[in-house]
Number of protein chains: 2
Amino acid sequence: MANPTSLQILLETSLPAAIQTEIEKLILVGELCPGQRINEALLAERFHTSRGPVREALRALEECGLVRAERNRGSFVRSVSLGEADEIYDLREVLDEFVGRKLAECILAEQLTQLRSFLAEMDVAVARKDLTGYHQINLRFHETLVDFVGNSRLSATYRRLTKELLMYRLHGLKEGGGFSVSNAEHKTIVKAIASRDPERAGRALRTHASDSRTRMHRAAIAAGSRVAR
Amino acid sequence: MANPTSLQILLETSLPAAIQTEIEKLILVGELCPGQRINEALLAERFHTSRGPVREALRALEECGLVRAERNRGSFVRSVSLGEADEIYDLREVLDEFVGRKLAECILAEQLTQLRSFLAEMDVAVARKDLTGYHQINLRFHETLVDFVGNSRLSATYRRLTKELLMYRLHGLKEGGGFSVSNAEHKTIVKAIASRDPERAGRALRTHASDSRTRMHRAAIAAGSRVAR
DNA sequence: GGTTTGCCGATTGTCTACAAATTACTGATT
DNA sequence: AATCAGTAATTTGTAGACAATCGGCAAACC
């Protein structure tokens, strides 16, 4: 707890909301590990606040699935198993196909150029072998795709699932390689959308999700042979 | 605020969670109307507790979309517009098709008999012209279908969307008739699943969702011609 | 007359305090 | 040495109190 942690958002939104996103960061960045117990007082101290707002943030995080609460025992960082990750991928395949179909029908020219700029950025990241940078853009790319559909519930659902999937990754694998492959798929996706063929675009996105799941499985197997559990 | 409201769940789960479901009921039953401001102190008094747990419950409800919060102004019951309901139906069509495909592959004999008992119950409700009873069973029927897939995230997502859809109904329409039609569709769905044909089952469920949306639209138009907005 | 300014009540947001429960620890006992 | 009971120390859950903010109303001003 060297630095008191940013929390600059404060003015924009409410304090509990700011704490919520901050705790979320701590989880997704791995400072709070899956299964670990969350100490309210410590977090309150860290954010220079009292336990009230922290508790509110934890309730919100519980509702969105990042945290699990046990009565009189406190909150724990949810640990997402491979099986659960698989469940999430089942959903993502379905949603992604829907995204592809919709986008083929309704995407605008300027949106396509924006997608292409993401592709270029990812190419750069690949060339530099900048894995973390690549993943950042990759996330933004997919979220942008979903947002372009213009369905707020879809976006919300997608983001929720994505976060849980990120949590699984934390469980103990370092991301099995082959991210240049992933970028080739991204280009296929954009081309398919640009072709305005719903069938093709839907298939492209679904395939990408499916391949992504396969990569996860490979990484899981690799990690499984390295570490005990 | 005649009766102090049940809240018996208390022992099973945490107090904030109990309050959350209780407020949820108040919303879905229409005692708290869409757009209405939620007074924390009043709710706390009603549940014989302090504002802390109530605030935690409201945070959770905000995260799951039933409530909207404005800084320094409090929480309001979310009002779901027709446009948003449409968004939700877009998603439900996709998810329901997925449910159909999956169930055609994996459903068990005993699960089928359970579904058929729902059909019978609904027939009874139709015969009695018991609208509210029918809707209760209808909800349970669809939730059961989704649960049979065995994907917890799917179930959670589906329930979330269903709740929001229920909120739209509250906005001012009394459910345009034709619920015997809906029940005929339910039978088609069960038959399609029992046939073990994923394509057919998927189509049946998707069609049902689509028709359900159409019914909503008709009801909305009817309500629109009755009331100002 | 219409707009602005300043107060007042009501409500939210946060903090501190305390009770209840759980966990960790100590020491005796088998 | 291991186990179990009993006690101390954390930690959670809730209550109550106080400051900050918002909305409305009336008086003052242009």
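The analysis underlying the following values was restricted to heavy atoms, covering all of them including side chains, and did not include hydrogens, waters or symmetry mates. Chain letters run A, B, ... following the sequence lines, proteins first, then strands; residues in each count from 1.
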Next on the checklist: In whole Å, I'd like the distance from the CD1 atom of B:I19 to the C1' atom of D:dA15.
Outcome noted: 13 Å

Checklist entry - If only side-chain N and O atoms of B:R73 are considered, is one of them under 4.0 Å from the OP1 or OP2 phosphate oxygen of D:dG23? => result yes

Checklist entry - C:dT14 P sits how many Å from A:E40 CD, rounded? => result 15 Å

Item to check | Length of the CG-P vector between A:N72 and D:dT10, whole Å | outcome: 19 Å

Item to check | Nearest-nucleotide comparison on DNA chain C, the residue closer to the 5′ end among A:T49 and B:G74 | outcome: B:G74

Checklist entry - With a 4.0 Å cut-off, would you call B:E143 and B:R140 a salt bridge? => result no

Item to check | Sugar-phosphate only, base, or nothing, as touched by B:R55 at under 4.0 Å among non-hydrogen atoms | outcome: base

Checklist entry - Tell me: CD of A:E56 to C1' of D:dT12, nearest whole Å? => result 16 Å

Checklist entry - So, are A:R213 and A:E93 salt-bridged, with charged N and O less than 4.0 Å apart? => result yes

Checklist entry - Which part of the nucleic acid, if any, lies within contact of B:L58, taking any heavy atom under 4.0 Å across all strands shown: a base, the sugar-phosphate backbone alone, or nothing? => result nothing

Next on the checklist: Can you measure B:F47 atom CZ to D:dT14 atom C1' for me and round it to whole angstrom units?
Outcome noted: 16 Å

Checklist entry - Is there a donor on the side chain of A:R51 or the base of D:dG13 sitting less than 3.5 Å from an acceptor on the other? => result yes

Checklist entry - How many Å lie between CD on A:Q36 and P on D:dT11, as a whole number? => result 13 Å

Item to check | B:R153 with A:D86: basic N within carboxylate O range, under 4.0 Å | outcome: no

Checklist outcome for this item: Out of D:dA15, C:dG13, C:dT16, minimum distance to the side chain of B:P53 belongs to D:dA15

Item to check | N/O (side chain, B:N39) to phosphate O (OP1/OP2, C:dT12) under 4.0 Å | outcome: yes

Checklist entry - When you check the gap from the basic side-chain N to the acidic O, do A:R78 and A:E164 get nearer than 4.0 Å? => result yes

Next on the checklist: What is the separation between atom CZ on B:R37 and atom P on C:dA10, rounded to the nearest whole Å?
Outcome noted: 13 Å

Next on the checklist: Less than 4.0 angstrom from a charged side-chain N to a carboxylate O is my criterion; do A:R101 and A:E97 meet it?
Outcome noted: yes

Next on the checklist: Check the phosphate of D:dA15 against B:S50, side-chain N and O only, distance under 4.0 Å to OP1 or OP2. Yes or no?
Outcome noted: yes

Checklist entry - Rounded to whole angstroms, how far apart are CD on A:E45 and C1' on C:dC15? => result 15 Å

